[in-house]
> 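Okay, handing you the structure first.
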Amino acid sequence: MDAHLITALGDELFNALRSRQTLAPLTRRYPQITLEQAYRISLHFLQRREALGEQVIGKKIGVTSRAVQEMLDVHQPDFGFLTNAMQVEDGCDVSLALYNLIQPRAEGEIAFILGEDLQGPGISAEDVLAASQWVVPCFEIVDSRIDDWQIRIQDTVADNASCGVFALGSQHIDPRSLDLAAVHMQMSKNGQPAGSGLGSAVQGHPCAAVAWLANTLGELGIPFRRGEIILSGALAPLVPVVAGDHISLSMTGLGEASLRFVP
């Protein structure tokens, strides 16, 4: 896969986002695509967004929990970049059209806000805890530009880890004040239970998941920066949402978050 094709596929994903149309899986069209090539496609996709004025404000780790891996038939974590255009306010109405959402699914996560830079490799879970200023409850609304979520790991990597939008709860909690692995999350959709999970669902501990991301990006020369938002991965299976749905979550010791979806 040469540089021209990598650029072309990044453009395809960008155009799919802008037009709210999906693409045939990249892995079906190019079965030999590697993870390294998929990340290069993702970076070009990001560059197209940055050219419109979007700014990177954090990173996300995806496909960390066994429940999500089994749901998507993807069996290793991946990562993506968060931009300011992806952040929405807790409690707001999220317009599917305005945010170019195609086939969104909601996941509840613990988000970290960094108080210090982190540069992998060699970062431990303890380093993550020490460098984190706050943790907050978070909804990530993942979305795929690939037909019917028919993804393999290379598809979601190229698609910026299937990022859609995200919302941080209003509560800011010192991460050293509670056991993050024992945090219990309960999600609901339209007033009905929609999943639950523990912080330990993400690679045993949310800090371990963030350390994996810091080290993976460090190998590529990409640091974590003070003030960045890091999403540590879903604590429960993804919940499909459509216009008219209302979702909420609560996390022990962390607080709550909610979103409503409109056309």
> CZ/R40 to OG1/T34 distance, rounded to the nearest 0.5 angstrom?
8.0 Å

> Taking R260 first and then D245, would you say they form a salt bridge - that is, a charged N and a carboxylate O separated by under 4.0 Å?
no

> Check the pair R28, Q150 against side chain to side chain donor-acceptor pair (under 3.5 Å), reporting the backbone distance first and the verdict last.
CA-CA 10 Å; R28 183 185 304 163; Q150 297 176 44; 2.5 Å; yes

> Minimum heavy-atom separation for V136 to G169, with atom names?
CB-O, 4.2 Å

> Does the pair D117/R225 count as a salt bridge with the N-to-O cut at 4.0 Å?
yes

> Could you state the interatomic distance from CG (L249) to OG (S188), rounded to the nearest 0.5 Å?
8.0 Å

> Within a strict 4.5 Å, meaning less than it, do heavy atoms of the S144 and Q103 side chains meet?
yes

> Can you give me the closest heavy-atom contact between A158 and I41, atom names plus distance?
CB-CG2, 3.8 Å

> Which heavy atom in M251 sits nearest to a heavy atom in G108, and how many Å separate them?
CE-C, 4.2 Å

> Closer than 3.5 angstrom, by distance alone: can the side chain of D155 be matched with the main-chain N or O of P25 as a donor-acceptor pair?
no

> Counting C-beta onward and ignoring hydrogens, is there a side-chain heavy-atom pair between S196 and M187 closer than 4.5 Å?
no

> With the 4.5 Å side-chain cut-off for hydrophobic clustering, are I247 and I110 part of the same group?
yes

> For S170 and D90, test the side chains for any donor-to-acceptor distance below 3.5 angstrom and give the result as yes or no.
no

> From H44 NE2 over to T7 OG1, what is the distance, rounded to the nearest 0.5 angstrom?
5.0 Å

> Does the side chain of K59 reach to within under 4.5 Å of the side chain of L217, using non-hydrogen atoms?
yes

> To the nearest 0.5 Å, what is the distance between CZ (F261) and SG (C92)?
8.5 Å

> I'd like to check H184 versus Q186 (side-chain heavy atoms, cut-off strictly below 4.5 Å). Are they in contact?
yes

> State whether the side chain of D174 and the backbone N or O of R176 hold a donor-acceptor pair below 3.5 Å, judged by distance alone.
yes

> When rounded to the nearest 0.5 angstrom, what is the spacing between CD in Q87 and CD1 in I57?
4.5 Å

> Would a hydrophobic clustering, with Ile, Leu, Val, Met, Phe, Trp and Tyr connected at side-chain separations under 4.5 Å, put F14 with L26?
yes

> Is a side-chain N or O of E109 found less than 3.5 angstrom from the main chain of L235, in a donor-acceptor match?
no

> I need the minimum non-hydrogen distance between P104 and L96, along with the two atoms involved.
CG-CD2, 4.2 Å

> Would you indicate whether E50, at its atom CD, is surrounded by more than 12 heavy atoms from other residues, nucleotides or ligands within a distance under 6.0 Å?
yes

> Test R48 against D11 for side-chain contact (heavy atoms from CB on, under 4.5 Å), laying out the working first.
CA-CA 8 Å; R48 291 295 307 272; D11 288 339; 2.8 Å; yes

> When F79 is tested against each of T216, L231, I230 for side chain to side chain contact (heavy atoms under 4.5 Å, CB included), which residue passes?
T216

> For a quick test of reading the model, state the closest non-hydrogen atom pair linking V239 to A194 and the distance between them.
CG2-O, 3.4 Å

> What I want to check is whether the side chains of S162 and T156 have a donor and an acceptor closer together than 3.5 Å.
yes

> Between CD1 of I146 and CG of L23, what distance do you get to the nearest 0.5 Å?
5.5 Å

> Pair S124, D127 - check side chain to side chain donor-acceptor pair (under 3.5 Å), show working.
CA-CA 5 Å; S124 67; D127 294 329; 3.1 Å; yes

> Within the 4.5 Å heavy-atom criterion, are V142 and E107 side-chain neighbours or not?
yes

> Do I222 and F224 share a hydrophobic cluster, counting only Ile, Leu, Val, Met, Phe, Trp and Tyr and linking them when any side-chain heavy atoms are less than 4.5 Å apart?
yes

> Answer yes or no: is there an ion pair linking R29 with E12, defined by an N-O contact shorter than 4.0 Å?
yes

> If you group Ile, Leu, Val, Met, Phe, Trp and Tyr by side-chain heavy-atom gaps below 4.5 Å, do V210 and L82 land in one group?
no

> Does some side-chain heavy atom of T22 sit less than 4.5 Å from a side-chain heavy atom of D148?
no

> Sub-3.5 Å donor-acceptor pair from the side chain of K60 to the main-chain atoms of I229, do we have one?
no

> Decide whether V262 and I141 are clustered together by the hydrophobic rule: side chain heavy atoms of Ile, Leu, Val, Met, Phe, Trp, Tyr closer than 4.5 Å, transitively.
no

> Taking all heavy atoms of F81 and all of M86, pick out the closest pair and write down the distance.
O-CE, 3.4 Å

> Using a distance-only test with no angle check, is there a side-chain donor-acceptor pair under 3.5 angstrom linking Q21 and R145?
no

> List the steps, then state whether side-chain contact (heavy atoms from CB on, under 4.5 Å) holds for L5 with Y30.
CA-CA 11 Å; L5 182 54; Y30 305 98; 3.6 Å; yes

